[in-house]
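Numbered from 1 within each chain, the chains take letters A, B, ... in sequence-line order. All values reported here derive from a predicted model rather than from experimental measurement.
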Amino acid sequence: MRRDRNRNLFALGLALLLLGGGVLALQGATVERADFTFNNASEPQSLDPKVVSGVPEGRVLRCLYEGLTNMHPKTLVPVPGMAERWEVSEDGRTYTFHIRKNARWSNGDPLTAEDFVYSWRRFLDPAMPAKYAQLLWLVVKGRDFFDGKVPSAEVGIRAPEPHTFVVELVHPTAYFLDLCSFYPLFPVHRATVEAHPKTWSKPRNFVGNGPFLLEARTIRDRIRLRKNPQYWDADSVRLNTVDILPVEDHVTGLNLYLTGVLDWETDVPQQVISDLLKRDDFQPRAYLGSYFYRINLKHRNPEKARFLSDPRFRMALYLAMDRKAIVEGVTKAGELPSRALVPPGIPNYSDARHQPPALPEMDMEKARALIEEVKKDLGVDKIPTLKVLYNTSESHKNIAEVIQQRWGQGLGLKIKLENQEWGTYQASQKALDYDISRSAWIGDYADANTFLDLFVSGGGNNHTGYADPIYDSLIEAAAREADRDKRREILYKAEEMLLRDLPIIPIYSYVTKNLVRPWVKGFYPNLQNVHPLKFVWIDEEAKKNAEGR
Amino acid sequence: MQKGAEEEAQVDPPEEVESGEGAASLGDQEPEGFTFFSDHPLLTFLLKRLGWMALTLWIVFTLSFFLMRSIPGGPFDQEQNLSAEVLAKYKAAFYLDKPLAEQYLLHLRNALTGDLGPSYKMADYTVNEIMAAGIPKSLALGVIALIFALTLGITAGLLSAIKRGGFLDRSLMTVATIGIALPNFVIAGILILLFVIWIPIFPAATWGDYKHLFLPAFCLGAPFAAYVARLTRTGMLDVLSQDYIRTARAKGLSDAQVLVRHALKGGLLPVISFLGPAIAGILTGSLVVEKIFQIPGLGTHFVQAAINRDYTLAMGCVLLYTTLVYVMNLLVDIGYTIIDPRVKLE
Amino acid sequence: MSELSETVLDVQNLRVTFRSEDGDVRAVRGVSYELARGETLAIVGESGSGKSVTHMALMDLLPQTAMISADRLRLVGRNLMEMSPKEKRRMRGSDLAMIFQDPMTSLNPFSTLGTQIAEMLKLHRGLRGKALYAAAVAALAEVGIPNAEDRVEQYPHEFSGGMRQRAMIAMMLAGEPEVLIADEPTTALDVTVQAQIMELLAGLQSERGMSIILITHDLGLVAGSSHRVAVMYAGRIVEMGTTEKIFADPRHPYTRGLLASVPRLDQEGGELYQIPGTPPDLAHLEPGCPFRERCEFAV
Ligand SMILES: Nc1ncnc2c1ncn2[C@@H]1O[C@H](COP(=O)(O)OP(=O)(O)O)[C@@H](O)[C@H]1O
Ligand SMILES: [Mg+2]
């Protein structure tokens with residue numbers, strides 16, 4: 001009776017609540033498609049140039065900001081950006097940039113040299129520096145300011161006139177102009193940053209100086225950009241709206257591309273590469289990245305250390321590695337087997353006109369001979385089991401299996417494979433808690449230094465225990481050298497040393513894996529896989545034709 | 001016989017013998033079950049359960065705090081190119097250089113004031129902001145998945161029970177068995193192939209209007225629908241063989257009336273008991289489904305937070321999941337006492 | 001017998017066979033009887049003799065596997081065999097009602113007794129709203145349940161066994177049936193309560209003038225409460241007569257066996273008589289008397 005009715009009503013109420021929740025759940029808004037949508041593969045850590053350090057962040061920041069220089073979309077050489085021109089002093093240590101008079105922030109404020117002074121000092125701020133702060137240690141007193149030893153005024157960054165920005169470097173730095181287009185060095189809008197210290201990068205506050213405005217951002221959902229009318233070169237920007245998606249799973253990304261949601265997908269799942277290669281819109285090109293194995297030269301286990309620290313043993317490992325089988329059987333996207341650390345295609349280093357140092361081809365016989373030699377010298381017959389560490393991933397595993405097979409059957413070594421989840425793997429590598437570890441490096445700028453610099457003694461990304469003062473001095477000398485040819489020769493020497501000592505075993509150099517719709521124009525393949533959206537446009541005619549078919 | 005009668009006499013209160021005593025014992029029975037408005041039992045029940053929840057949250061907080069930090073790697077350790085000097089400054093800024101006990105107290109104090117801190121890996125957001133953005137999406141997904149699970153599961157289970165042994169029953173139960181066995185990423189793959197690639201009626205992924213919710217919610221709900229179908233079937237078959245169903249038929253009710261008024265409640269009890277685990281399962285299942293369908297909900301944030309060692313965000317997600325599961329179970333328990341008057345809130 | 005003239009229920013040669021994979025179970029093999037208005041007919045027999053199946057067949061409560069046939073089945077002049085399923089359903093509860101052995105499990109544990117009784121009142125008497133509520137309370141009061149106003153709001157588990165059976169009676173009588181089939185109504189109750197329930201049934205019968213079929217395996221219960229007795233064995237009525245006659249002069253050896261196994265107050269100590277053997281397997285009955293094997297008089 002009453003009690004039954006109450007119960008029934010209550011149960012009905014709960015059911016209705018569930019249904020109501022369902023109705024509410026379905027109320028999502030329809031998102032109108034942007035002119036151009038691409039998958040950035042992860043949520044940017046931040047929109048603050050100071051905080052970021054990754055490729056996906058770079059793609060977003062290049063839309064929202066602009067540095068002193070820009071990258072040419074095809075050749076990536078520095079072209080005028082916020083600075084319309086610049087002069088370099090005789091000794092190569094002083095750069096004078098002339099900020100363009102029509103440079104503006106997105107809120108209409110004029111952008112001046114002071115903005116760069118503020119931003120670059122903020123970059124070195126001892127209290128809370130940029131993640132890439134060491135980049136500006138190459139500025140006079142940059143390091144001292146960072147360490148809190150001198151006030152900001154002493155740093156070699158000045159604005160003698162509103163539109164003149166002067167930078168004094170410690171050494172002539174060959175790649176400094178490239179660095180000026182590197183996204184961590186983009187300027188930020190002082191008034192906004194100071195008015196909203198915690199929330200200035202939110203869409204409601206954001207002020208930038210790039211070709212696009214930040215219209216909306218929902219976490220791990222999408223970033224919506226709109227053309228910035230205040231941008232000095234707004235006339236050449238042809239996309240009105242851009243959507244940036246953070247899809248981590250590349251199978252999902254591929255589905256989105258195949259169903260027409262994406263115009264550009266930045267990576268593809270390994271397992272479909274052979275199929276994709278048949279398509280016109282998938283054309284892998286050389287990419288500024290190397291895949292290699294690190295070897296622990298300072299192993300805590302003396303048994304293992306005896307072998308791992310012997311360069312002949314490492315050479316044997318190198319010689320017994322079937323790189324061709326790896327690129328043809330596993331990676332399949334046209335990666336090039338490497339015989340050096342620095343990948344090909346770097347101007348004035350490994351381009352068509354220059355011949356950087358390289359290791360010999362695979363040679364099982366020689367490898368076996370070396371192993372025998374080492375065994376004899378050490379007076380040991382048994383080599384302890386070695387572990388190859390990689391972060392959990394199907395293709396790393398497949399590569400390791402090819403290598404395991406050669407080292408095992410070819411050299412008679414006992415090799416075990418060990419996979420660790422990303423964070424753990426990184427920690428193991430950092431702590432030198434491994435035998436042999438899968439590694440890779442994507443160059444920050446198109447210069448051999450970004451690779452060779454890794455292995456200086458105590459370097460933050462060395463992770464091999466390799467330490468040689470001669471190597472360090474070569475890297476140092478290259479940094480001081482203003483002459484391009486002399487500098488190249490010094491770097492060649494460094495790489496030669498590295499290939500002699502082999503703290504790393506080169507495997508292959510990367511290729512880009514972009515899927516781009518045929519009607520996307522102004523999108524050029526290049527070594528750094530940088531594609532400023534400023535130059536990108538949609539060929540509506542071609543799009544209509546393609547869709548009509 | 002004699003002995004049995006004695007037992008019966010003991011079970012039966014003496015109210016049989018005299019009506020007056022029967023009336024007296026009525027008073028004792030009044031507060032039983034679920035009554036409305038005047039209810040102290042519900043209030044005390046809620047208070048008790050909330051107390052337990054607070055305790056659970058504290059334990060979960062403590063365990064997660066130390067467990068997370070015992071796993072190798074930290075939020076800023078894994079970034080390439082971070083020099084030792086910069087790293088030290090970042091760690092200091094987030095108290096990561098302080099002794100663990102001190103960090104614990106700091107975080108606990110902040111958590112008690114509702115401040116879970118900034119995300120270590122999404123520097124533009126606080127943990128609260130990220131979760132506030134994620135909750136509605138995960139809830140939307142979960143609610144639709146639950147509706148799928150219940151409507152499909154109960155309907156299939158009822159049909160199966162009514163047509164027991166028939167072709168419909170056998171095919172439905174085969175589908176249900178497959179549904180339980182298939183992990184939801186496989187279901188997702190099949191559905192995407194069918195309804196995104198071949199017959200493009202649903203979007204492949206991402207968040208947007210209702211169409212974006214359909215496939216992921218279905219994938220998430222399908223295994224539970226299958227399980228609910230089986231539970232409903234066995235529950236209904238069990239109830240339909242009960243004496244009181246015969247009574248209901250003897251009363252002259254139609255089959256439909258017997259089913260709806262007499263069999264349904266008892267038949268669905270197993271489903272109600274399953275709701276607690278189901279909700280927990282749907283919440284955790286959404287980790288996979290959200291990834292496949294790129295839904296920016298809690299699941300995605302949780303997984304990424306774990307991978308990135310984003311301690312604060314991971315902690316926020318753990319606490320939120322605990323709360324959600326707890327509250328949902330509470331609702332289910334209350335729901336159970338509403339359907340079954342024999343069960344009391346405790 | 002003169003006042004019990006009008007026949008309300010007429011059963012002729014009722015047969016029920018259950019189809020099963022191990023062969024057909026012939027549970028009822030030609031039962032015939034007539035029931036007069038106001039009469040109480042006791043159906044007695046060992047467990048498994050077909051008492052319940054016979055009457056479930058009348059109620060049309062048997063599962064699909066049951067094959068029912070009869071020469072005649074008439075209830076207050078209406079032919080049960082020609083009724084559509086819908087008519088049969090309407091007949092249940094309103095003309096022919098049935099109460100069951102175990103009041104514990106025969107009431108729906110999920111709704112209050114008020115609701116369960118009201119359901120009948122609504123269905124068969126078309127009552128609604130306040131009148132419905134009042135009638136439900138009255139129905140409970142009528143079967144001797146104290147504080148009926150409160151009791152209508154209670155669930156079966158809040159009742160004792162005897163009270164539950166009273167409520168069951170109230171519920172089944174709510175449709176004002178011509179015939180009430182009481183299938184072992186007191187078997188699950190303790191002895192003192194048994195008597196109260198029987199008393200209640202007798203009282204209600206005299207008030208309403210309805211007929212009762214009292215199914216029991218307990219001849220002791222029959223003596224004071226029924227006009228006639230039908231003894232069932234292996235799906236057949238083996239002997240039928242007035243209660244006095246059956247008790248005084250049983251003809252069939254099975255009836256004698258039954259009578260001998262009734263405990264008596266005047267009997268001092270000693271073992272109760274038990275009919276030897278077990279009832280026959282109804283799936284494999286051989287021709288002839290099925291009691292033969294257990295019969296003292298068989299040759
Ligand atoms: N649904 C059924 N299917 C098969 N056999 C049944 C079914 N119901 C009852 N029987 C059989 O019918 C016979 C009579 O049962 P029943 O009428 O319940 O006996 P009782 O006289 O004890 O009430 C028994 O042998 C029983 O096994
Ligand atoms: Mg029976």
Side-chain angles (χ1 to χ4, degrees), chain B residues 1-2 4-30 32-35 164-165 239-255 257-258 261-269 338-344, chain C residues 56 59-61 85-86 88-112 115-116 119-120 123-124 144-147 150-151 153-163 166 168 171-172 174-175 181 188-194 196 263:
Chain B
M1 195 72 215
Q2 204 53 39
E6 261 172 32
E7 273 168 9
E8 175 68 29
Q10 278 164 5
V11 175
D12 266 5
E15 56 174 313
E16 276 312 316
V17 187
E18 235 192 60
S19 49
E21 280 202 9
S25 66
L26 260 180
D28 303 333
Q29 292 169 345
E30 187 53 36
E32 277 184 12
F34 190 83
T35 44
R164 172 171 47 150
V239 166
L240 286 174
S241 70
Q242 296 284 316
D243 287 350
Y244 67 83
I245 295 302
R246 186 184 56 193
T247 308
R249 294 183 53 219
K251 285 165 103 174
L253 297 170
S254 69
D255 286 353
Q257 285 169 324
V258 170
R261 290 203 213 145
H262 291 270
L264 210 54
K265 272 189 190 165
L268 291 185
L269 273 189
I338 289 166
I339 294 213
D340 191 343
R342 293 168 300 184
V343 177
K344 280 167 239 159
Chain C
M56 303 261 266
M59 289 287 287
D60 194 30
L61 289 178
K86 204 171 167 189
K88 277 188 193 154
R89 175 156 61 73
R90 289 222 186 94
M91 170 272 299
R92 286 204 291 265
S94 65
D95 297 326
L96 189 60
M98 188 162 181
I99 60 177
F100 303 95
Q101 173 171 338
D102 191 351
M104 190 85 168
T105 56
S106 295
L107 286 167
N108 186 340
F110 301 110
S111 52
T112 59
T115 303
Q116 299 190 46
E119 196 174 27
M120 286 294 275
L123 191 67
H124 298 296
I145 293 178
N147 290 50
D150 299 324
R151 290 296 212 169
E153 288 296 350
Q154 288 191 337
Y155 292 92
H157 73 276
E158 293 166 323
F159 280 66
S160 67
M163 282 294 163
R166 282 173 191 262
M168 181 75 160
M171 179 168 87
M172 283 310 185
I181 303 166
L189 304 176
D190 93 273
V191 196
T192 44
V193 183
Q194 283 187 6
Q196 293 175 6

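What you find for C:Pro103 and C:Gly161 is that their closest heavy atoms are CG-O, 3.7 Å. For the pair B:Val239 and B:Tyr244, the tightest heavy-atom approach, listed with the atom from each and the gap, is CG1-OH, 3.5 Å. Nearest approach of C:Asp60 to C:Arg92, heavy atoms of both residues: O-NH1, 3.2 Å.
For C:Met168, the part lying near chain B is the side chain, with the backbone staying farther off; criterion is any non-hydrogen pair under 4.5 Å. If you measure heavy-atom distances from C:Arg90 to chain B, you find no contacts under 4.5 Å at all. Of the two parts of B:Leu253, the backbone and the side chain both hold a non-hydrogen atom closer than 4.5 Å to a non-hydrogen atom of chain C. Proximity to chain B (any heavy atom under 4.5 Å) is restricted, for C:Met171, to the side chain, taken from C-beta onward. C:Tyr155 touches chain B through its side chain: at least one heavy atom from C-beta onward sits under 4.5 Å away, while N, CA, C and O do not. With a 4.5 angstrom heavy-atom cutoff, C:Gln116 touches chain B via backbone and side-chain atoms both. Only the backbone of C:Leu107 comes within less than 4.5 Å of a heavy atom of chain B; no side-chain atom from C-beta onward does.
Per-residue counts of heavy-atom pairs under 4.5 Å with chain B were compared for C:Met104, C:Met172, C:Gln101, C:Glu119; the largest is that of C:Glu119. Between chain C and the options B:Gln257, B:Arg261, B:Arg246, heavy-atom pairs under 4.5 Å are most frequent for B:Arg246.
By the 4.5 Å heavy-atom criterion applied to side chains, C:Arg151 and C:Phe159 are counted as neighbours. Between C:Phe110 and B:His262 there is no side-chain heavy-atom pair separated by less than 4.5 Å. In this structure, the side chains of B:Ile339 and B:Leu269 come closer than 4.5 Å at one or more pairs of heavy atoms. Residues C:His157 and C:Pro109 fail the side-chain proximity criterion, which asks for heavy atoms closer than 4.5 Å.
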